[in-house]
Visitor: 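One structure is given below, represented as structure tokens, and several questions about it will come after.
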Amino acid sequence: MIYKTKAREDAFLVLYQWDIRGGSIEELIEEYLSMNRVKNSEQRRYMRKLIRTYFEHAEDIDKTISDNLENWDFDRLGYVERAILRLATAELLYTEVKNPKVAIKDYMNITNKYAGSKPSKFVNGVISKILKAT
């Protein structure tokens, strides 16, 4: 479903902004939706669901990511990589994903778009490790 692909990128951009700026996530969501004129209700709903899922399980998600980093510290992750890993982990572990391969592909495309191919390989490796551990 195309709206999920777009919602994943929207959720990434909001979470990325929050990680850099801080502040109220709800205000950032509303600001983003307004500025980008996101009209599709399913896209808006799924974006909110992804962000809400991350915040409901933030401590566990960040620990899971940290535990699956090899020779790397969570605090040293770039903003793009951290936001992608947070959302992917939230979606794959805490929601019912019908087709995980599609979700993972979407996250890899977002990583490629905003960070390049090298970080995409790193993110893919961490996500794969997390999924194997569950």
Side-chain angles (χ1 to χ4, degrees):
M1 293 183 212
I2 193 82
Y3 76 86
K4 285 187 178 181
T5 297
K6 290 179 180 178
R8 288 178 182 115
E9 185 170 2
D10 293 337
F12 155 73
L13 290 168
V14 171
L15 196 59
Y16 173 81
Q17 258 188 342
W18 170 81
D19 201 13
I20 292 172
R21 289 178 26 183
S24 164
I25 193 65
E26 290 303 323
E27 288 177 16
L28 286 173
I29 290 169
E30 293 310 315
E31 179 183 308
Y32 178 86
L33 292 172
S34 174
M35 286 179 61
N36 292 282
R37 296 185 177 108
V38 179
K39 302 288 185 211
N40 183 302
S41 62
E42 290 297 310
Q43 181 179 339
R44 294 165 69 101
R45 182 194 58 75
Y46 202 70
M47 178 196 79
R48 283 188 172 104
K49 177 181 179 175
L50 293 173
I51 294 169
R52 189 178 321 114
T53 300
Y54 168 70
F55 280 98
E56 287 172 2
H57 304 279
E59 191 174 313
D60 291 335
I61 289 168
D62 287 355
K63 183 174 180 350
T64 298
I65 294 166
S66 185
D67 290 348
N68 286 281
L69 295 173
E70 288 184 28
N71 303 318
W72 204 257
D73 185 47
F74 183 82
D75 294 329
R76 289 186 61 214
L77 288 172
Y79 289 109
V80 170
E81 294 86 345
R82 187 168 40 236
I84 294 289
L85 287 169
R86 284 173 164 168
L87 285 173
T89 303
E91 184 172 10
L92 295 167
L93 298 186
Y94 294 97
T95 69
E96 293 182 28
V97 180
K98 291 180 182 168
N99 194 339
K101 288 181 181 179
V102 171
I104 292 167
K105 183 179 180 205
D106 285 347
Y107 287 115
M108 293 308 95
N109 288 338
I110 295 167
T111 308
N112 273 323
K113 181 176 179 179
Y114 292 95
S117 61
K118 209 171 196 180
S120 182
K121 290 176 186 175
F122 170 78
V123 168
N124 191 33
V126 175
I127 291 171
S128 296
K129 193 171 179 195
I130 289 170
L131 290 176
K132 286 178 187 171
T134 60

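Values in this document were obtained by computation on a predicted structure and should not be read as measured data.
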Visitor: Kindly write out the residues that satisfy side-chain contact (heavy atoms from CB on, under 4.5 Å) with Glu56, not counting sequence neighbours, or none if the list is empty.
Guide: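 Applying side-chain contact (heavy atoms from CB on, under 4.5 Å) to Glu56 gives Arg52.
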
Visitor: With a 4.5 Å heavy-atom cut-off, do Phe12 and Val80 have their side chains touching?
Guide: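 Yes, at least one pair of side-chain atoms sits under 4.5 Å.
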
Visitor: To the nearest 0.5 Å, how far apart are CD1 in Ile130 and CG in Leu92?
Guide: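 One finds 9.0 Å between CD1 of Ile130 and CG of Leu92.
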
Visitor: What pairs meet the ring-ring contact (aromatic ring centres under 6.0 Å, His included) rule with one or both residues in residues 17-54, with sequence neighbours excluded?
Guide: Trp18-Phe55

Visitor: If the condition is side-chain hydrogen bond (donor to acceptor under 3.5 Å, both in side chains), which residues does Asn112 pass it with, not counting sequence neighbours?
Guide: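 For Asn112 there are no side-chain hydrogen bond (donor to acceptor under 3.5 Å, both in side chains) partners, ignoring immediate neighbours.
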
Visitor: How far does NZ of Lys4 sit from CG of Asp106, to the nearest 0.5 angstrom?
Guide: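 So the gap between those two atoms works out to 10.5 Å.
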
Visitor: List the atom of Met47, the atom of Ala7, and the distance in Å for their closest heavy-atom pair.
Guide: N-CB, 3.6 Å

Visitor: Report yes if the distance between the aromatic ring centroids of Tyr114 and Tyr16 is under 6.0 Å, otherwise no.
Guide: no

Visitor: Nearest 0.5 angstrom please: Thr64 OG1 to Phe74 CZ, how far?
Guide: 10.0 Å

Visitor: Quick one: do Glu27 and Arg21 make a salt bridge, cutoff under 4.0 Å?
Guide: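 The answer is no: the pair does not qualify as a salt bridge.
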
Visitor: Passes side-chain contact (heavy atoms from CB on, under 4.5 Å), Met108 versus Val123? Steps please.
Guide: CA-CA 8 Å; Met108 293 308 95; Val123 168; 3.4 Å; yes

Visitor: Donor-acceptor check, side chain of Ser128 to backbone of Asn124, threshold 3.5 angstrom: yes or no?
Guide: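 A pair under 3.5 Å: yes.
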
Visitor: Taking the basic N atoms (NZ, or NE/NH1/NH2) and the acidic carboxylate oxygens, is any pair closer than 4.0 Å for Glu30 and Arg48?
Guide: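 Result for this pair is yes, salt bridge flagged.
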
Visitor: Please determine if Glu42 and Arg45 form a salt bridge, counting it only when a charged side-chain N lies under 4.0 Å from a carboxylate O.
Guide: yes

Visitor: Tell me, do Leu93 and Ile61 make a side-chain contact under 4.5 Å, heavy atoms counted?
Guide: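 A side-chain contact under 4.5 Å is absent here.
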
Visitor: Take Arg86 and Asp19, measure what side-chain contact (heavy atoms from CB on, under 4.5 Å) needs, and give me the verdict at the end.
Guide: CA-CA 11 Å; Arg86 284 173 164 168; Asp19 201 13; 3.7 Å; yes

Visitor: To the nearest 0.5 Å, what is the distance between NZ (Lys118) and CD (Glu81)?
Guide: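 It is 12.0 Å, given to the nearest 0.5 Å.
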
Visitor: Is a side-chain donor or acceptor of Ser66 paired with a backbone partner of Asp62 at a separation under 3.5 angstrom?
Guide: no

Visitor: With rounding to the nearest 0.5 Å, note down the distance linking CG in Leu33 to CG in Asp10.
Guide: 7.0 Å

Visitor: Nearest 0.5 angstrom please: Glu9 CD to Leu87 CG, how far?
Guide: 11.5 Å

Visitor: If we only count heavy atoms from C-beta on, is the Ile127 to Leu85 side-chain gap below 4.5 Å?
Guide: yes

